[in-house]
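The block underneath contains the structure these notes are about, expressed in structure tokens.
Whatever order the structure lists them in is the order used to number ligands and atoms, beginning at 1. All residue numbers refer to positions in the sequence shown, counting from 1. Keep in mind that this is a model prediction, so the values were computed, not measured.
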Amino acid sequence: MSDEPELILAELSDDELVEQMKDDLYDGMGPEIAEGTQILLNRGWDANRILKESLVDAMRIVGLDFADGILFVPEVLSAANAMKGGMNLLRPILAASDTQTSTGRVVIGTVKGDIHDIGKNLVGMMLEGAGFEVFDLGINTSIDEFLEAIDKHDPHILGMSALLTTTMPYMSVVIEDLDKRNMLKNLPVMVGGAPVNKEFADAIHANAYGPDAATTAELAKTIVGVNRP
Ligand code: B1M
């Protein structure tokens, strides 16, 4: 048995708890992340603030250490799963934060070859929070899957996410295909993901680039012309 005194998350101050949650996310401790998220919610923290200051910031550190070869895929995966523990609690709050009526429909997916979904899920949540009906096609989404969903849901916006420099070009492949089918006139395309930037979005003729989930939701409202004050 360890001599370490048991850490009671609920007894920590807000700052201590946020720091502890960053450590716990780094170590892939899902139940602790869910517990910390719930404690901050109980203390009146806004869901967006929890997301930004504890979960997203912790994942940024995981990403840096992954890049530096300090962490490897299994550790990153368990950190990502731990993050989902917190996101599951925040999802309904973010989604319920705006209007009951649909602002518009968005079909969104992570492009073919790419299995990163945390950022895309956040974007989906924020869009739901902004009143959009979101049809999430998940990861590794092919042109055919996008086409089928567009046909089925008649979206106001198509959203694509890519986290790898090797999968970003697939966004262009999809846009070119839609263009050939003359489908772009009434279907603005929004793209995002860590390696994507405005220059790339412009180069592939996407209509909008979202740097983060909150900005993307605001952009989406502008795109469908309902950017209320
Ligand atoms: Co991956 N991975 N990964 N990975 N992974 C990155 C992306 C990488 C940058 C890490 C690194 O080296 N520093 C690197 C890519 C390098 C490159 O291409 N230049 C990388 C690599 C190399 C790989 C593998 C190839 C590793 C391997 O197998 N050797 C492999 C690829 C698998 C594949 O997809 N085919 C791989 C696998 C994985 C895991 C499975 C272990 C896991 C994913 C788990 C999951 O998503 N369920 C994972 C993770 C977690 C990461 C990092 C660490 C974190 C990504 C993340 O979730 N960030 C990442 C490093 C990093 O980005 N710092 C990395 C948090 C999230 C909130 O941010 O996704 O950027 P982000 O989303 C933001 C914005 O970008 C924006 O809003 C979001 C919220 O604010 N946004 C949009 C995203 N989509 C948008 C769409 C929009 C608008 C805005 O409009 C529609």
Side-chain angles (χ1 to χ4, degrees), residues 22 25-26 28 30 33 48 50-88 90-91 94 104-130 132 134-142 146 149 155-171 174-175 187-198 200-201 204 206-223:
K22 286 183 190 169
L25 191 134
Y26 191 96
I33 290 300
N48 264 315
I50 301 175
L51 190 63
K52 216 166 152 232
E53 291 182 24
S54 60
L55 307 184
V56 171
D57 203 40
M59 189 50 88
R60 186 182 58 79
I61 299 164
V62 170
L64 292 176
D65 281 0
F66 186 35
D68 289 344
I70 298 165
L71 292 181
F72 297 96
V73 172
E75 286 111 331
V76 177
L77 199 50
S78 63
N81 284 335
M83 183 166 178
K84 283 182 182 172
M87 276 166 56
N88 287 342
L90 300 179
R91 179 191 292 275
L94 292 170
R105 291 178 297 280
V106 181
V107 162
I108 191 169
T110 300
V111 297
K112 192 173 169 185
D114 201 321
I115 63 168
H116 295 85
D117 67 353
I118 296 175
K120 182 261 300 161
N121 293 346
L122 279 176
V123 171
M125 278 184 225
M126 296 301 284
L127 286 170
E128 282 177 6
F132 284 92
V134 176
F135 301 95
D136 188 343
L137 309 184
I139 54 173
N140 198 21
T141 312
S142 66
F146 280 121
H156 298 84
I157 299 174
L158 172 67
M160 289 189 281
S161 178
L163 263 286
L164 299 170
T165 43
T166 49
T167 56
M168 284 162 69
Y170 197 76
M171 293 173 158
V174 174
I175 290 176
L187 183 61
V189 179
M190 203 160 60
V191 294
V196 179
N197 57 29
K198 175 89 172 68
F200 177 78
I204 63 168
N207 300 79
Y209 157 68
D212 58 61
T215 311
T216 302
E218 286 308 311
L219 263 173
K221 287 201 266 182
T222 316
I223 290 173

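Counting only protein N, O or S atoms, 1 lie closer than 2.8 Å to atom 1 (Co) of ligand 1.
In terms of protein heavy atoms, atom 18 (O) of ligand 1 is closest to T165 N, 2.9 Å. Protein heavy atom nearest atom 56 (C) of ligand 1, with residue, atom name and distance: M59 CG, 4.1 Å. Of all protein heavy atoms, the one lying nearest to atom 35 (N) of ligand 1 is G113 O, 2.9 Å.
Contact of the T110 side chain with the L163 side chain is not registered, since no non-hydrogen atoms from C-beta on lie closer than 4.5 Å.
For the 3.5 Å distance criterion, the side chains of D114 and Y170 fail to qualify, holding no donor opposite an acceptor.
Per-atom contact check: atom 21 (C) of ligand 1 touches the protein, criterion being a heavy-atom distance below 4.0 Å. For atom 24 (C) of ligand 1, no protein non-hydrogen atom is found at a distance below 4.0 Å. Distance check for atom 50 (C) of ligand 1: a protein heavy atom is found below 4.0 Å. Protein heavy atoms are absent from the space less than 4.0 angstrom from atom 59 (C) of ligand 1.
Counting heavy atoms closer than 4.0 Å to ligand 1, residue V123 contributes side-chain atoms (C-beta onward) but none from N, CA, C or O. Under 4.0 Å from ligand 1, the heavy atoms of T216 that appear belong solely to its side chain. At a heavy-atom distance under 4.0 Å, no atom of K112 approaches ligand 1. Contacts of V191 with ligand 1, taken as heavy-atom pairs under 4.0 Å, involve the backbone alone.
Taking only nitrogen or oxygen atoms, main chain and side chain alike, G210 does not reach within less than 3.5 Å of ligand 1.
Short contacts between ligand 1 and G159, defined as distances under 4.0 Å to a heavy atom of the residue, involve ligand atoms 91 (C). Close approach to S161 involves these atoms of ligand 1, each under 4.0 Å from a residue heavy atom: 83 (C), 84 (N), 85 (C), 86 (C).
Judged by the shortest distance from any of its heavy atoms, P195 lies outside the 4.0 Å radius around the atoms of ligand 1.
In this structure, Y209 contributes its side chain and V196 its backbone to a donor-acceptor pair below 3.5 Å.
In this comparison of P211, G192, G109, G69, the heavy atom closest to atom 85 (C) of ligand 1 sits on G192.
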